[in-house]
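Structure first, commentary second.
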Amino acid sequence: MDYLLTEEQKMIVDLTRRIVREKITPEVVSRYDETEEFPWEIIKILADAGLFGVYIPEEYGGMGGGIFELSIVTEELSRACGGIAICYAATALGTYPILLFGNEEQKKKYLPPLAAGTKLAAFALTEPNAGSDAAGIQTTAKKEGNYYILNGTKQWITNGGEAEVYTVIAMTDRAKGARGATAFILEKGMEGFEFGKKEKKMGIRASAT
Ligand SMILES: Cc1cc2nc3c(=O)[nH]c(=O)nc-3n(C[C@H](O)[C@H](O)[C@H](O)COP(=O)(O)OP(=O)(O)OC[C@H]3O[C@@H](n4cnc5c(N)ncnc54)[C@H](O)[C@@H]3O)c2cc1C
């Protein structure tokens, strides 16, 4: 078994390292850390380099890699700034449920802009009363005609307010316990979908929570 990186993976590492060296300098990192400003400038650089698509299949505009490619980019970004790295990694967290379980229509609609990095995603599971105990979420989704109506509050969602696409977990059948949860795709701007205040954190302050 070959434990070494492939040529393509080495190129991904080199590219990310170069971006880190040239663009995510200690000055840039401390500026984001102090101001808590969302690092859109860096997101754009990562997007232009194609790094948001490393784990997305080519047919949806990605590079065709997987979790390993995603991890090596995240690792290299983390060397410079945990906050920027988590902005990048959390968009994958919100994208993966679509990649794994979305239907073809959803994949065609959502994956290309996420692979291009022109839109970010987020994953919304945690609630004020449900963290580790994920099955304890109170958010519900009820089918009314052709729509589901979601009711509930999520908390501590990375990229919350900045992302355009949200994978939101809600209970559709409480009698089934944890198996009664369903993932929904929400878009920023949908009726009734609002954002609370941004948390002031003690670390990874370039990321929005
Ligand atoms: C910066 C940040 C970003 C986040 N981003 C996201 C996100 O993008 N999406 C999202 O859905 N959530 C996100 N979260 C929420 C995160 O997933 C939760 O904080 C986590 O699930 C833990 O839940 P909790 O904070 O409610 O802690 P709790 O579940 O209340 O746990 C508190 C403490 O009790 C311990 N504990 C809990 N249960 C047990 C048990 N049964 N036995 C022993 N010990 C136990 C835990 O280990 C912990 O030390 C984020 C949180 C932070 C801080």
Side-chain angles (χ1 to χ4, degrees), residues 24 29-40 42-43 46-47 51-52 54-56 67 70-71 73-75 77-102 110-111 113-115 117 119-141 148 150-172 174 177-190 192-209:
I24 316 180
V29 171
S30 31
R31 172 161 59 82
Y32 283 121
D33 199 57
E34 273 167 33
T35 61
E36 296 178 279
E37 186 193 321
F38 194 76
W40 281 115
I42 305 297
I43 299 291
L46 301 177
L51 292 177
F52 280 99
V54 291
Y55 62 97
I56 295 179
I67 283 281
L70 172 67
S71 303
V73 176
T74 307
E75 183 178 33
L77 294 176
S78 302
R79 284 171 190 270
C81 179
I84 289 172
I86 201 175
C87 298
Y88 172 81
T91 197
L93 196 61
T95 304
Y96 252 103
I98 304 175
L99 190 55
L100 295 176
F101 305 111
Y110 293 106
L111 295 180
L114 293 169
K119 285 185 179 173
L120 296 185
F123 179 78
L125 170 66
T126 303
E127 299 182 0
N129 293 314
S132 310
D133 175 25
I137 57 167
Q138 302 294 310
T139 297
T140 56
Y148 275 92
L150 273 75
N151 266 305
T153 303
K154 296 294 178 181
Q155 178 177 275
W156 297 343
I157 308 307
T158 303
N159 289 345
E162 306 291 345
E164 297 286 331
V165 180
Y166 294 78
T167 302
V168 177
I169 312 300
M171 296 308 288
T172 40
R174 199 166 291 286
R179 298 270 160 207
T182 303
F184 291 85
I185 305 170
L186 269 71
E187 292 175 30
K188 192 179 191 174
M190 278 181 165
F193 185 27
E194 289 165 8
F195 300 99
K197 73 169 173 58
K198 183 172 163 176
E199 297 293 338
K200 280 191 87 62
K201 301 195 295 298
M202 293 173 76
I204 55 169
R205 287 155 57 92
S207 78
T209 310

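Counting starts at 1 for both ligands and their atoms, in listed order. When reading the values below, keep in mind they use all heavy atoms of this one structure, side chains included, and skip hydrogens, waters and symmetry mates.
- From the protein, the heavy atom lying nearest to atom 18 (C) of ligand 1 is T126 OG1, 4.0 Å.
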Pair Y96-Y55, ring-ring contact (aromatic ring centres under 6.0 Å, His included): steps then yes or no: CA-CA 9 Å; Y96 252 103; Y55 62 97; 5.2 Å; yes
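- Nearest non-hydrogen protein atom to atom 31 (O) of ligand 1 is S132 OG, 3.7 Å.
- Nearest non-hydrogen protein atom to atom 2 (C) of ligand 1 is T209 CG2, 4.1 Å.
- Screening K200, R31, K198 for a salt bridge (Lys or Arg N to Asp or Glu O under 4.0 Å) with E36, the sole residue that qualifies is K200.
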Show your working on side chain to side chain contact (heavy atoms under 4.5 Å, CB included) between C87 and N159 and close with a plain yes or no. CA-CA 6 Å; C87 298; N159 289 345; 3.9 Å; yes
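- In this structure, atom 25 (O) of ligand 1 lies nearest to the protein heavy atom W156 CZ3, 3.1 Å.
- Counting protein heavy atoms under 4.0 angstrom from atom 41 (N) of ligand 1 gives zero.
- Protein heavy atom nearest atom 8 (O) of ligand 1, with residue, atom name and distance: T158 N, 2.9 Å.
- Nearest non-hydrogen protein atom to atom 24 (P) of ligand 1 is G131 CA, 3.9 Å.
- Taking a distance limit of 4.0 Å, we find that atom 10 (C) of ligand 1 is approached by some protein heavy atom.
- Close contacts of ligand 1 with F123, meaning ligand atoms under 4.0 Å from a residue heavy atom, involve 7 (C), 8 (O), 9 (N), 10 (C), 11 (O).
- Residue-ligand proximity, I157 to ligand 1, at heavy-atom distances under 4.0 Å covers atoms 7 (C), 8 (O), 9 (N), 10 (C), 11 (O).
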